[in-house]
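Notes to accompany the following structure.
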Protein chains: 2
Amino acid sequence: MSRQSQTEVAVLGALSVEPMSGYAARRAITETLGHFWSESFGQIYPTLARLEADGLVTPDSAGRTSGSTYRLTAAGRRRLADLLREPIPSAPPRNGTLLRLFFGAHLGPEACADVVHEARDRALTSLATMKAIRFEVESDPDPNAVYWLITVSAGEHAARAQLAWAEESLAMLAGLPD
Amino acid sequence: MSRQSQTEVAVLGALSVEPMSGYAARRAITETLGHFWSESFGQIYPTLARLEADGLVTPDSAGRTSGSTYRLTAAGRRRLADLLREPIPSAPPRNGTLLRLFFGAHLGPEACADVVHEARDRALTSLATMKAIRFEVESDPDPNAVYWLITVSAGEHAARAQLAWAEESLAMLAGLPD
DNA sequence: TATGTCATGTAACTGGTTACATGATTGC
DNA sequence: GCAATCATGTAACCAGTTACATGACATA
């Protein structure tokens with residue numbers, strides 16, 4: 001699957017929940033998939049136009065206030081299911097924090113500790129976000145909530161791991177001579 | 001810091017260990033930074049040319065067998081230290097596995113379990129790789145090994161977290177009706 | 001009437017991969 | 001002499017962001 005169709009998955013997925021505009025789709029993606037996915041307008045609008053040309057989404061006149069609302073067609077729903085079944089394209093790893101720490105000798109223990117501290121703070125923030133999302137999802141009677149909880153759980157595990165790693169690394173750095 | 005200079009960090013970093021060719025730099029990056037960084041030839045050669053034009057690296061005639069070997073200049077070493085101190089550009093999150101699981105209702109529990117299984121296998125492979133790297137680094141008397149171990153530890157924590165999440169998620173999926 | 005939010009779209013740019021072309025050197 | 005590896009480089013393409021231009025609608 002090309003990278004492109006990953007954006008298609010996100011947009012089709014958003015519209016599978018309920019019909020909405022491109023603007024709303026973007027908001028929905030950043031709000032509910034935000035901790036593991038992102039899309040910009042520059043991707044969403046061209047994608048939406050292509051999906052419409054392919055007959056996968058169609059303008060939904062009902063309930064419009066301003067601008068256009070799109071909804072999935074039957075073909076669109078099939079396509080979403082197909083795309084979800086395709087192999088996951090692997091993104092080459094690029095972790096700026098670890099790149100810095102690997103060459104930490106050029107930085108010195110204190111500057112490295114700063115880098116780790118920042119990673120630790122990001123993990124703490126993430127953990128708080130996950131807690132809030134989990135609370136929301138758990139009080140949602142939607143039967144799909146199980147799937148959402150699985151993604152939340154992934155965020156929690158990753159954040160807790162990063163936290164533990166940061167504490168451990170700070171201890172290691174503290175034992176180093178300047 | 002622009003994304004571009006992240007590649008500069010990787011290349012300057014590789015050359016800071018010892019002088020080498022672009023080809024060797026790429027191999028060094030995939031072999032020793034492979035679990036958290038990647039560069040392609042299409043990036044390395046233009047970067048190397050730019051670094052040379054900026055006087056940060058210089059051809060090193062000594063010890064050449066074929067092709068050209070580069071080494072850091074004093075300015076290059078300073079530049080590396082500066083770049084390492086710059087804020088880490090954040091990459092927008094894009095996790096294909098979680099994107100699929102979030103819309104898992106369109107897939108069904110079994111197909112979702114397959115997705116999780118793949119993630120679990122990747123984590124296991126990663127854990128084995130980390131074990132091998134840790135063994136190598138721990139038997140290396142280099143004083144910088146502490147920094148390398150910190151990056152290895154990050155990989156281990158992340159892999160173990162993914163493993164725990166996968167087991168937990170498989171259990172959740174198993175309890176779901178088709 | 002001014003402000004903020006909703007909304008759409010595009011152009012320029014960036015960072016990056018992939019595929020290809022080319023050739024030198026090494027070892028069997 | 002042949003195959004593998006070392007080595008350099010570029011062109012085409014791709015996904016994606018950012019910045020900008022534009023304007024409708026609601027409301028204070």
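We name chains A, B, ... by the order of the sequence lines, and we start the count at 1 in each one. Note that the coordinates shown come from a computational prediction; the quantities given were computed from them, not determined experimentally.
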Side-chain donor-acceptor contacts of residues 124-134 of chain A below 3.5 Å, not counting sequence neighbours, with atom names and distances?
from: A/T125; atom 1: OG1; to: A/D121; atom 2: O; distance (Å): 2.9
from: A/T129; atom 1: OG1; to: A/T125; atom 2: O; distance (Å): 2.9
from: A/R134; atom 1: NE; to: A/E156; atom 2: OE1; distance (Å): 3.4
from: A/R134; atom 1: NE; to: A/E156; atom 2: OE2; distance (Å): 2.8
from: A/R134; atom 1: NH1; to: A/E138; atom 2: OE2; distance (Å): 3.0
from: A/R134; atom 1: NH2; to: A/E156; atom 2: OE1; distance (Å): 3.0

Without placing hydrogens or testing angles, list every side-chain donor-acceptor pair under 3.5 Å for residues 73-82 of chain B, not counting sequence neighbours.
from: B/T73; atom 1: OG1; to: B/G55; atom 2: O; distance (Å): 2.8
from: B/T73; atom 1: OG1; to: B/L56; atom 2: O; distance (Å): 3.1
from: B/T73; atom 1: OG1; to: B/A75; atom 2: N; distance (Å): 3.4
from: B/T73; atom 1: OG1; to: B/G76; atom 2: N; distance (Å): 3.0
from: B/R79; atom 1: NH2; to: B/E8; atom 2: OE1; distance (Å): 3.2

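Put simply, A/R27 has a side-chain N or O that comes within less than 4.0 Å of OP1 or OP2 on C/dC6. Between C/dC6 and A/S21, no contact under 4.0 Å exists linking OP1 or OP2 to a side-chain N or O. Side-chain nitrogen and oxygen atoms of A/S40 include none within less than 4.0 Å of the OP1 or OP2 phosphate oxygen of D/dT18. Contact annotation: B/T47 does not reach the phosphate of C/dG15 (side-chain N/O to OP1 or OP2, under 4.0 Å). Of the side-chain N and O atoms in B/T7, none sit less than 4.0 angstrom from OP1 or OP2 of C/dG15.
Closest to the side chain of B/S68, from the set D/dT10, C/dG16, D/dT8, is D/dT8. The listed nucleotides are C/dA7, D/dA15, D/dT10; the one nearest the side chain of A/Q43 is D/dA15. Among the nucleotides D/dT5, D/dT17, C/dG15, the one closest to any side-chain atom of B/Y23 is D/dT5. Out of D/dT8, D/dA7, D/dT17, the shortest distance to the side chain of B/P92 is found at D/dT17. When distances run from any side-chain atom of B/Y45 to the nucleotides D/dT17, D/dT8, C/dT10, the shortest one goes to D/dT8.
Under a 4.0 Å N-O distance rule, the pair A/E39/A/R26 does not qualify as a salt bridge.
Ring planes of B/W148 and A/F102: parallel class, angle under 30° (limits at 30 and 60°).
Residue contacts shown for A/G42 include a base, since a base heavy atom lies under 4.0 Å away.
If B/L48 and A/F41 are placed on DNA chain D by their nearest nucleotide, the residue sitting closer to the 5' end is B/L48.
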